[in-house]
Every structure is written in structure tokens, then in C-alpha cells.
Protein chains: 2
Amino acid sequence: MTSEKQEILEKKGWKIGSVKDFLGLTEEEESYIDLKLKLSANLRKLRIDRKLTQIEFARMIKSSQSRVAKLETGDPSVSIDLIIRSLLALGTSNKEIARTISS
Amino acid sequence: MTSEKQEILEKKGWKIGSVKDFLGLTEEEESYIDLKLKLSANLRKLRIDRKLTQIEFARMIKSSQSRVAKLETGDPSVSIDLIIRSLLALGTSNKEIARTISS
DNA sequence: TAAATATATGTCAAATATGACATAATTTCA
DNA sequence: TGAAATTATGTCATATTTGACATATATTTA
């Protein structure tokens with residue numbers, strides 16, 4: 001299961017990039033995790049740049065502090081959809097999102 | 001509601017780009033729809049390039065023909081997550097996905 | 001240091017997305 | 001043309017995602 005493997009990776013401290021050649025991850029799974037973690041990390045960076053706490057940001061996107069925490073760590077329970085909508089709420093453009101993905 | 005507005009847009013034949021300054025769409029909603037439609041269109045293009053029918057492709061991603069049809073038209077009921085996983089299943093790289101988004 | 005503030009983790013009911021099915025509409029081609 | 005193949009649309013039970021809550025664990029600051 002993809003989610004479980006991602007969970008393992010994160011528990012072991014794996015971050016952006018460098019997830020290749022590990023366990024039985026297919027290229028597809030690797031790319032998906034990479035993509036998600038890049039967007040998550042970017043979200044955290046932007047929130048901090050704007051000097052917002054997770055609670056403040058959660059109110060902006062009508063969510064909760066705990067979900068923001070999960071968003072920023074690429075938790076298996078969050079969708080790329082929600083990460084992208086959160087980035088857009090911070091004023092991120094599609095081109096910036098594209099740059100993040102290909103970083 | 002975002003989904004309803006997107007639905008209206010699509011019923012009226014709106015496609016990639018040019019969704020700005022319409023109804024009460026916020027920048028955020030516009031960007032989200034744009035992003036989704038670009039990825040959807042790219043998915044259809046790649047499937048056709050590979051000479052696959054929707055039924056054949058549906059089997060590859062363990063889904064159904066009807067969902068593939070919805071994926072390719074950016075139906076409000078499909079998530080960006082599924083579109084991205086479908087693109088990855090066709091061997092698309094993250095960089096290619098990024099290029100599609102900023103096209 | 002200890003209190004205050006901020007972030008992380010686990011859980012769950014409600015909301016949303018999903019595959020599958022039926023069937024309609026469209027396209028292909030003999 | 002018209003039958004076959006392909007794609008679109010509507011619906012629904014099931015699966016996944018979500019916000020919210022409680023509470024644990026950092027991190028900051030006085």
C-alpha cells in the first residue's frame with residue numbers, strides 16, 4: 001500500500017528528494033511521494049515567510065491546526081488537492097507551483 | 001461552491017486557460033480549475049498518443065471507463081490526486097507534470 | 001528553569017471521491 | 001447509411017479525505 005510505505009519513509013526521516021531505490025517502491029510511487037513532499041515543504045516555507053502560525057493559517061483555509069500540521073509533513077492522510085488549494089490560498093501562482101514540482 | 005461553478009463553466013464549453021474574470025470566481029478558484037483542466041487535457045493527449053482506449057487505460061490504473069472519461073474532462077467529481085496518479089501511471093515525470101502546469 | 005506558545009499525533013463522524021454499473025451520445029469505418 | 005466501437009453522463013454503495021477534538025511533544029520566551 002502506497003500510504004503505508006510513505007508513512008514508513010517519513011517515520012525514518014526521509015525528506016524531499018532522495019527517495020529512489022528504496023524497498024519495493026515503483027517509479028510511480030516514488031514520483032508521487034516526491035511530488036507531495038515538495039509541495040508540503042513549500043507550503044511550510046511560505047506560511048513561515050508570512051509569519052503565520054499553523055492556527056492562523058488554519059483559519060485562513062477553514063481547516064484546523066492539526067490538519068495544517070499534517071499538510072506540512074506530507075502525512076499520508078492528506079491529498080495533493082488540499083496541499084495545492086492551500087498553496088493557492090497563500091497567493092501562489094500555478095507557475096510557482098510548477099517550479100516547486102520541478103525543483 | 002467551487003464544484004458547481006466549475007460544472008457551469010464546463011457545460012458552457014470553457015476549456016484550458018481563459019477562465020479569468022467570470023462570475024464570482026476568486027483568483028484561487030480560477031487557478032485551481034486552470035490547473036485541473038491542464039492536467040486533464042494532458043492526460044487525454046498522452047493516452048491517445050499511446051493509442052489506448054479509455055477501457056484499456058482504465059484497466060491499467062484499476063479504474064473504470066466512466067471514471068477515465070471524467071478524468072479527461074476535468075469533471076468536478078475527480079481529484080487532482082487521481083489525475084496526477086494517472087499521469088504517473090503513463091510514465092510521466094514530475095518535470096513533465098510541471099511543464100504541463102506552467103503551459 | 002518553568003510557563004507559554006507552537007507544532008505533532010491519534011481518533012472519529014461527516015464530507016467528498018471512487019469504481020462500477022447502466023445507458024446515452026458520439027465517432028469510426030465497412 | 002448503419003452497426004460496431006468509443007466516449008459521455010447519471011447514479012450509487014463503498015472507500016478515502018476532511019475538520020475537529022483531545023492530548024502529546026517540541027520550541028520559545030520570561
Side-chain angles (χ1 to χ4, degrees), chain A residues 1-15 29 32-33 36-37 39-41 43-89, chain B residues 1-15 29 32-33 36-37 39-41 43-89:
Chain A
M1 193 60 180
T2 294
S3 293
E4 288 175 353
K5 282 175 185 166
Q6 182 171 355
E7 214 162 12
I8 289 167
L9 280 174
E10 291 175 1
K11 289 238 165 115
K12 298 214 170 188
W14 289 86
K15 293 297 172 190
E29 289 169 328
Y32 180 80
I33 293 174
K36 199 163 163 181
L37 292 180
L39 292 173
S40 297
L43 178 61
R44 166 159 290 174
K45 180 185 184 309
L46 291 178
R47 175 184 62 80
I48 292 174
D49 283 353
R50 284 165 177 65
K51 303 192 193 309
L52 295 168
T53 64
Q54 289 185 345
I55 288 182
E56 291 167 332
F57 182 53
R59 284 184 185 130
M60 288 176 57
I61 63 171
K62 297 188 167 89
S63 183
S64 60
Q65 179 271 322
S66 59
R67 188 130 304 270
V68 170
K70 283 161 188 161
L71 272 170
E72 294 183 349
T73 53
D75 188 281
S77 82
V78 313
S79 68
I80 286 181
D81 262 86
L82 187 58
I83 303 175
I84 286 179
R85 287 200 305 270
S86 300
L87 285 169
L88 295 177
Chain B
M1 194 62 180
T2 292
S3 292
E4 288 175 355
K5 282 175 184 165
Q6 182 171 354
E7 215 161 10
I8 290 166
L9 280 174
E10 290 175 2
K11 290 238 165 111
K12 296 215 172 186
W14 289 85
K15 292 297 170 189
E29 290 168 329
Y32 180 80
I33 293 174
K36 197 165 163 180
L37 292 181
L39 293 173
S40 296
L43 178 61
R44 165 159 291 174
K45 180 185 183 309
L46 290 179
R47 175 183 62 82
I48 292 173
D49 282 352
R50 284 164 178 65
K51 304 192 193 307
L52 295 168
T53 65
Q54 289 185 344
I55 289 182
E56 290 168 332
F57 182 53
R59 284 185 186 131
M60 288 177 58
I61 62 171
K62 297 184 166 95
S63 183
S64 61
Q65 178 271 323
S66 59
R67 187 129 307 269
V68 170
K70 284 160 189 162
L71 272 170
E72 294 182 349
T73 52
D75 187 280
S77 82
V78 313
S79 69
I80 286 180
D81 257 87
L82 187 59
I83 302 175
I84 286 179
R85 287 199 306 269
S86 300
L87 285 169
L88 294 177

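Just so it is clear, the structure is predicted and the values come from calculations on it, not from any experiment. Lettering follows sequence order; numbering is per chain, from 1.
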Heavy-atom closest contact (A:L52 atom, A:R47 atom, distance): O-NH1, 2.7 Å
Nearest heavy atoms of B:V78 and B:K36, plus distance in Å: O-NZ, 2.7 Å
Gap between atom CG of A:L82 and atom NZ of A:K70 - 0.5 Å precision: 12.0 Å
Integer-rounded Å distance: D:dA8 C1' and B:L71 CG: 13 Å
Whole-Å gap separating P (D:dA8) and CG (B:D75): 11 Å
Touch class at under 4.0 angstrom, heavy-atom based, for A:R59 against every strand present: nothing
Sugar-phosphate, base or nothing in reach of A:R44, heavy atoms under 4.0 Å: sugar-phosphate
Smallest separation among heavy atoms of A:A58 and A:S64, with atom names: CB-C, 3.4 Å
Euclidean distance, A:I48 CD1 relative to A:T53 OG1, rounded to 0.5 Å: 11.0 Å
Distance, nearest 0.5 Å, that separates OG of B:S86 from CZ of B:R44: 13.0 Å
Proximity to DNA chain D (any heavy atom under 4.0 Å), residues of residues 48-57 of chain B only: B:T53, B:Q54
Separation between CZ of A:R67 and CD1 of A:I61, rounded to the nearest 0.5 Å: 10.0 Å
Min side-chain heavy-atom separation B:V68-B:Q65 under 4.5 Å: no
Angle between terminal axes - the helix from C:dT1-D:dA30 to C:dA30-D:dT1, 5 pairs each end, rounded to 10°: 50°
Rounded distance [0.5 Å steps], CG in B:L71 versus OG in B:S79: 8.0 Å
Distance (rounded to the nearest 0.5 Å) between A:L43 CG and A:I84 CD1: 11.0 Å
Footprint string (nucleotides 18-30 of chain D, 5' to 3'): B base within contact, S backbone only, - free, heavy atoms under 4.0 Å: BBBB---------
Protein-nucleotide distance (A:L43, atom CG; C:dA8, atom P), rounded to Å: 12 Å
Donor-acceptor side-chain pairing of A:S77 and A:D75 below 3.5 angstrom: yes
